[in-house]
Amino acid sequence: MLTSQRKSLILDLLRRDGQVIAKRVAEDFSLSEDTIRRDLREMAAEGLLKRVHGGAMPVAPELPDFSTRKGVSSEIKERLGKKAASLVRSGQLIFLDGGTTTAEIARRLPREFAFTVATHSPTIAAELEHHPTASVILIGGKLYKHSMVSVGSVAMATISQLRPDIFFLGVTAAHPVQGLSTGDFEEAAIKRHISSCAAATYVPLTEEKLDRVSPCLILPIAGVSGLIVTADSAAPAIEPYRNLTAEILEA
């Protein structure tokens with residue numbers, strides 16, 4: 001088997017399983033473990049995967065700070081925001097996570113009927129300053145500046161008193177096997193807690209987040225109600241998610 005063929009198969013395994021175990025791959029390919037480890041080292045140097053003890057994981061997405069992400073506006077995020085906002089109904093309590101895609105949801109929330117928005121993000125609350133029909137609950141706590149959201153015990157205790165109809169969850173990575181993840185342990189914990197309090201959780205996803213894995217698990221894909229993706233997302237990338245219990249909503 002040529003080196004290029006091995007590497008292509010390794011990438012296929014990585015997309016399918018969310019991990020590669022060198023010993024198992026060596027056995028499947030009838031090759032030495034040293035050969036597979038060398039392939040993994042070379043692929044890591046090329047930025048194709050992340051080396052870990054015993055094998056490899058998908059490359060974790062970069063985590064630019066909030067100010068940097070705020071400056072990147074895209075038609076894709078606008079479409080996701082519009083689709084997510086269309087799920088909101090009169091009288092509901094919705095919870096908006098922090099993030100630039102979630103900010104697009106806030107900007108497109110209905111203005112023809114009243115509802116309540118809870119958020120642990122001061123930047124999201126500011127987006128709703130002039131919204132005519134949205135009542136806003138801002139959750140306080142320790143500020144995680146990277147994402148501009150409150151985390152910690154104070155935020156957790158306040159959120160425990162709420163029962164949102166919908167939680168719009170922001171993530172940095174999604175994988176059909178490894179689930180929904182983010183880069184910070186405390187942030188992952190509070191996202192998971194909000195979801196546990198909500199009747200439904202929906203996750204807007206830009207295409208570059210698919211088939212990626214960040215260090216801290218939030219929930220398995222089966223743990224949310226639905227994924228919101230763009231209709232023109234590559235079909236092969238979306239297909240593995242269609243076989244899971246979460247609904248796929250196309251924007």
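Bear in mind that the values here come from a model prediction, so they are computed numbers and not experimental data. Quick note: residue numbers are just sequence positions, from 1.
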Colleague: Is it the case that the side chain of S8 and the backbone of Q5 share a donor-acceptor pair, with hydrogens and angles ignored and the cut-off at 3.5 Å?
Modeller: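 Side chain of S8 to backbone of Q5: no pair is present.
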
Colleague: Would you call L162 and C197 a side-chain contact if the rule is heavy atoms closer than 4.5 Å?
Modeller: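 With C-beta onward as the side chain, the pair stays apart.
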
Colleague: Taking the side chain from Q19 and the backbone from L13, do they hold a donor-acceptor pair closer than 3.5 Å?
Modeller: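 No, Q19 side chain to L13 backbone: no donor-acceptor pair under 3.5 Å.
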
Colleague: Would S121 and T119 count as having a side-chain donor-acceptor pair, cut-off 3.5 Å?
Modeller: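 No pair is found: no donor N or O on one side chain lies under 3.5 Å from an acceptor on the other.
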
Colleague: Looking only at non-hydrogen atoms, find the nearest pair between A22 and L40 and report the distance.
Modeller: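 Scanning both residues, the minimum pair turns out to be CB-CD1, 4.2 Å.
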
Colleague: Nearest 0.5 angstrom please: F167 CZ to S225 OG, how far?
Modeller: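 Here the rounded value is 11.5 Å.
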
Colleague: Within a 6.0 Å radius of atom NZ on K7, are there more than 12 heavy atoms belonging to other residues, nucleotides or ligands?
Modeller: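 Count over threshold, so yes.
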
Colleague: Okay, side chain of T102, backbone of L96: is any donor-acceptor separation there less than 3.5 Å?
Modeller: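 Flag not set: sc T102 to bb L96 has no pair under 3.5 Å.
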
Colleague: In this structure, would V136 and L109 fall into the same cluster of hydrophobic residues linked by side-chain contacts under 4.5 Å?
Modeller: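 As far as the 4.5 Å side-chain criterion goes, L109 and V136 are connected within one cluster.
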
Colleague: When you measure from the side chain of D165 to the backbone N and O of L93, does any donor-acceptor pair fall under 3.5 Å?
Modeller: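 Yes, the answer is positive, given that a donor and an acceptor are paired below the 3.5 Å cut-off.
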
Colleague: Yes or no on side-chain contact (heavy atoms from CB on, under 4.5 Å) for R6 and L9, after CA distance, side-chain angles and deciding distance?
Modeller: CA-CA 5 Å; R6 289 199 308 270; L9 289 170; 5.8 Å; no

Colleague: Has R163 got a side-chain atom pairing as donor or acceptor with S160's backbone, closer than 3.5 angstrom?
Modeller: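 Such a contact is found between R163 side chain and S160 backbone.
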
Colleague: CZ/R79 to OG1/T206 distance, rounded to the nearest 0.5 angstrom?
Modeller: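 The distance works out to 12.0 Å.
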
Colleague: Can D97 and K191 be said to form a side-chain contact (heavy atoms from CB on, under 4.5 Å), step by step?
Modeller: CA-CA 8 Å; D97 204 347; K191 289 173 185 287; 2.6 Å; yes

Colleague: Can you list the steps and then say if H146 with E187 is a side-chain contact (heavy atoms from CB on, under 4.5 Å)?
Modeller: CA-CA 10 Å; H146 182 277; E187 189 181 17; 5.6 Å; no

Colleague: Within the distance-only criterion (no hydrogens, no angle test), does the side chain of R192 pair as donor or acceptor with the backbone N or O of L217 below 3.5 angstrom?
Modeller: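 Side chain of R192 to backbone of L217: a pair is present.
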
Colleague: Look only at the side chain of T172 and the backbone of S181, and say whether a donor-acceptor pair between them is shorter than 3.5 Å.
Modeller: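 At least one qualifying donor-acceptor pair exists.
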
Colleague: State the CG-CD1 distance between L31 and I36, to the nearest 0.5 angstrom.
Modeller: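 These two atoms lie 5.0 Å from each other.
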
Colleague: Any side-chain heavy atom of D184 within less than 4.5 Å of one from V151?
Modeller: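 Of all side-chain heavy-atom pairs linking V151 with D184, none is under 4.5 Å.
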
Colleague: Which pair of non-hydrogen atoms, one from A56 and one from L14, has the smallest distance, and what is that distance?
Modeller: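 In terms of heavy atoms, the two residues are closest at O-CD1, 3.9 Å.
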
Colleague: When rounded to the nearest 0.5 angstrom, what is the spacing between CG in D34 and CG in D39?
Modeller: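 Nearest 0.5 Å value for the CG-CG distance: 11.0 Å.
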
Colleague: Treating Y202 as the side-chain partner and L87 as the backbone partner, does any N or O pair qualify as donor plus acceptor under 3.5 Å?
Modeller: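 No; zero donor-acceptor contacts below 3.5 Å.
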
Colleague: How long is the span from the OG atom in S195 to the CD1 atom in I159, to the nearest 0.5 Å?
Modeller: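 Between S195 OG and I159 CD1, I get 11.5 Å after rounding to 0.5 Å.
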
Colleague: Give the minimum heavy-atom separation between L249 and K83, together with the two atoms involved.
Modeller: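 Closest approach of L249 to K83: CB-CE, 4.2 Å.
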
Colleague: F29 versus T35: any side-chain heavy-atom pair under 4.5 Å?
Modeller: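 A side-chain contact is absent here, since even the closest heavy-atom pair is not under 4.5 Å.
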
Colleague: Check the pair L49, V20 against side-chain contact (heavy atoms from CB on, under 4.5 Å), reporting the backbone distance first and the verdict last.
Modeller: CA-CA 10 Å; L49 48 74; V20 167; 5.9 Å; no

Colleague: Does either side chain, that of T100 or that of K77, offer a donor lying less than 3.5 Å from an acceptor on the other one?
Modeller: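 K77 and T100 do have a side-chain donor-acceptor pair below 3.5 Å.
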
Colleague: In this structure, are over 12 heavy atoms from other groups packed under 6.0 Å from R24 atom CZ?
Modeller: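 Check fails, neighbour count at 12 or below.
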
Colleague: Any chance CZ of F185 has more than 12 other-residue heavy atoms, nucleotides or ligands included, within less than 6.0 Å?
Modeller: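 Counting neighbours around CZ of F185, 12 or fewer heavy atoms of other residues, nucleotides or ligands fall under 6.0 Å, so no.
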
Colleague: Any chance the rings of H120 and Y144 have centres within less than 6.0 Å?
Modeller: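 No, ring centres 6.0 Å or more apart.
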
Colleague: Let me confirm one number: the CG-CD1 distance from L227 to I238, rounded to the nearest 0.5 Å.
Modeller: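 Rounded to the nearest 0.5 Å, the CG-CD1 separation comes out at 8.0 Å.
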
Colleague: Specify whether F115 and H131 have parallel, tilted or perpendicular ring planes, treating 30° as the upper limit for parallel and 60° as the lower limit for perpendicular.
Modeller: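 Answer is perpendicular, since the angle exceeds 60°.
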
